[in-house]
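Below is one structure, written out as structure tokens; the observations come after it.
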Amino acid sequence: MRTRLRGAFCVGNQSKIDYTGDYTVSNIVIAFPKPEVAANIRKILSQSGYTVTAVCTTGAKTLESVNNLEQGILICGYRFVDMMYTEIYDYLPPEFQMLLIASRTSIDEREISNLVSLSMPMKVHELLETLEMMEGDIRRRKKRIQRQPKHRSAEDQMIIRQAKELLMVRNSFTEEEAHRYIQKRSMDNGTGLVEVSQMILSLLQEG
């Protein structure tokens with residue numbers, strides 16, 4: 001589904017602008033500890049033609065919401081009462097992207113260097129353009145996964161299984177969490193599951 005956006009306005013004390021563009025609407029989850037901030041962003045996106053799938057104020061509720069979806073974008077705050085954005089990021093489904101919205105200081109000090117982020121106050125056209133860019137990235141990543149071989153050798157399957165078992169022991173992951181972790185790293189690095197599993201085995205076994 002594509003929609004046409006016009007007349008975007010601004011968050012914060014920014015001048016009003018006009019912007020027109022085409023966007024593909026994805027699952028969008030908004031997560032902020034302050035309900036009023038989440039409601040403000042939801043209003044902006046709704047007026048711009050987006051459908052917001054869920055709005056959350058805790059990390060646990062955020063993970064519950066995104067894990068029920070195949071892909072999408074999480075617009076996320078910096079700190080929640082139960083966890084930091086970094087913990088949420090680690091458990092995101094592999095085809096979910098995170099957009100961090102926080103103060104300039106928090107963004108400058110973020111622990112995930114390649115994380116897409118916007119500082120407050122932000123212009124709405126920046127938010128919409130960033131969402132469009134992220135959706136394009138999701139589509140490209142999905143195509144790469146679809147092009148990967150469907151059948152793996154017994155040796156490759158063993159490597160992936162060993163990596164999952166090691167993660168389950170070292171990090172107290174369930175099998176599903178370990179598999180999701182490997183998938184996430186595969187998507188982030190643009191490499192296959194086998195290559196990521198080999199890296200995990202190498203790093204953790206040495207440790």
Side-chain angles (χ1 to χ4, degrees), residues 24 26-31 53-54 56 58-80 82-101 107 109-117 130-131 133-207:
T24 300
S26 257
N27 291 314
I28 295 180
V29 176
I30 299 174
T53 307
C56 311
T58 66
K61 186 63 178 178
T62 300
L63 290 175
E64 179 184 338
S65 296
V66 299
N67 283 322
N68 289 326
L69 303 169
E70 291 184 1
Q71 66 177 32
I73 296 171
L74 170 62
I75 302 175
C76 188
Y78 187 82
R79 185 192 305 272
F80 296 81
D82 54 346
M83 63 184 71
M84 295 284 291
Y85 76 96
T86 49
E87 297 172 85
I88 297 174
Y89 179 86
D90 283 340
Y91 288 101
L92 282 181
E95 293 185 19
F96 243 88
Q97 295 269 353
M98 176 183 283
L99 170 58
L100 175 66
I101 297 180
I107 288 175
E109 296 175 352
R110 67 188 186 277
E111 297 178 28
I112 307 171
S113 59
N114 63 341
L115 185 63
V116 180
S117 59
T130 302
L131 288 178
M133 175 195 72
M134 295 174 74
E135 288 188 323
D137 191 36
I138 290 173
R139 289 194 297 272
R140 288 189 294 273
R141 290 184 179 199
K142 190 172 182 179
K143 288 180 180 178
R144 284 203 302 268
I145 293 296
Q146 290 173 342
R147 288 195 297 265
Q148 290 180 358
K150 298 299 182 181
H151 301 286
R152 296 188 178 90
S153 67
E155 182 181 356
D156 288 345
Q157 291 178 15
M158 182 181 66
I159 291 172
I160 295 173
R161 185 172 62 252
Q162 288 175 339
K164 286 196 295 185
E165 291 173 350
L166 191 54
L167 286 169
M168 291 164 66
V169 172
R170 294 291 187 92
N171 297 77
S172 299
F173 285 173
T174 65
E175 183 175 359
E176 180 182 356
E177 288 171 341
H179 184 70
R180 194 160 59 234
Y181 180 89
I182 294 172
Q183 282 186 318
K184 179 69 176 174
R185 292 298 167 265
S186 172
M187 297 291 288
D188 289 344
N189 298 332
T191 56
L193 296 180
V194 177
E195 288 80 359
V196 172
S197 297
Q198 288 173 328
M199 180 186 69
I200 291 171
L201 290 172
S202 176
L203 292 173
L204 295 186
Q205 286 176 344
E206 287 179 1

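Here the structure is a predicted model, which means the values were calculated and not measured.
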(message) Please check: side-chain N/O of Ser186 versus main-chain N/O of Thr191, any donor-acceptor pairing under 3.5 Å?
(response)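 Checking the backbone N and O of Thr191 against the side chain of Ser186, a donor-acceptor pair under 3.5 Å is found.
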(request) Keeping the roles fixed (side chain from Ser197, backbone from Leu193), state whether a donor-acceptor pair exists under 3.5 Å. (result)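 Such a contact is found between Ser197 side chain and Leu193 backbone.
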(message) Which residues pass the side-chain contact (heavy atoms from CB on, under 4.5 Å) test with Met83, not counting sequence neighbours?
(response)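 Once residues adjacent in sequence are excluded, the partners of Met83 under the side-chain contact (heavy atoms from CB on, under 4.5 Å) criterion are Leu63, Glu87, Ile88.
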(message) Test of understanding: with side-chain contact (heavy atoms from CB on, under 4.5 Å), list the residues that count as partners of Val116, not counting sequence neighbours.
(response)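 Counting only residues at least two positions away or on another chain, Val116 forms a side-chain contact (heavy atoms from CB on, under 4.5 Å) with Leu99, Thr130, Met133, Met134.
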Can you sort out the partners of [X] under salt bridge (charged side-chain N to carboxylate O under 4.0 Å, His left out), two or more places apart, ordered by chain and number?
{"X": "Glu165", "result": "none"}
{"X": "Glu175", "result": "Lys164"}
{"X": "Glu176", "result": "Arg180"}

Taking the side chain as every heavy atom from C-beta outward, state whether [X] and [Y] have any atom pair closer than 4.5 Å.
{"X": "Asn67", "Y": "Pro93", "result": "yes"}
{"X": "Leu167", "Y": "Ile182", "result": "yes"}
{"X": "Thr53", "Y": "Leu69", "result": "yes"}
{"X": "Lys184", "Y": "Asp90", "result": "no"}
{"X": "Tyr78", "Y": "Ile101", "result": "no"}
{"X": "Gln162", "Y": "Leu166", "result": "no"}

(request) Could you give me the CA-CA distance, side-chain angles and deciding distance for Met98 and Leu115, then say whether side chain to side chain contact (heavy atoms under 4.5 Å, CB included) is met? (result) CA-CA 7 Å; Met98 176 183 283; Leu115 185 63; 3.9 Å; yes
Apply side chain to side chain donor-acceptor pair (under 3.5 Å) to [X] and list each qualifying residue two or more places apart in sequence or on a separate chain.
{"X": "Tyr91", "value": "none"}
{"X": "Gln71", "value": "none"}
{"X": "Asp82", "value": "none"}

(message) Can you give me the closest heavy-atom contact between Thr174 and Glu177, atom names plus distance?
(response)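 Looking at all heavy atoms of both residues, the shortest contact is N-OE1, 2.9 Å.
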Gap between atom [atom2] of [Y] and atom [atom1] of [X] - 0.5 Å precision:
{"X": "Gln97", "Y": "Cys76", "atom1": "CD", "atom2": "SG", "answer": "13.5 Å"}
{"X": "Leu131", "Y": "Ile28", "atom1": "CG", "atom2": "CD1", "answer": "5.0 Å"}
{"X": "Ile160", "Y": "Ile200", "atom1": "CD1", "atom2": "CD1", "answer": "10.0 Å"}
{"X": "Ile159", "Y": "Glu195", "atom1": "CD1", "atom2": "CD", "answer": "9.0 Å"}

(request) Test side chain to side chain contact (heavy atoms under 4.5 Å, CB included) on Val29 and Ile75 and set out the steps. (result) CA-CA 6 Å; Val29 176; Ile75 302 175; over 6 Å; no
Just jot down the ring-ring contact (aromatic ring centres under 6.0 Å, His included) partners of [X], sequence neighbours excluded, or say none.
{"X": "Phe80", "result": "none"}
{"X": "Tyr89", "result": "none"}
{"X": "Phe96", "result": "none"}

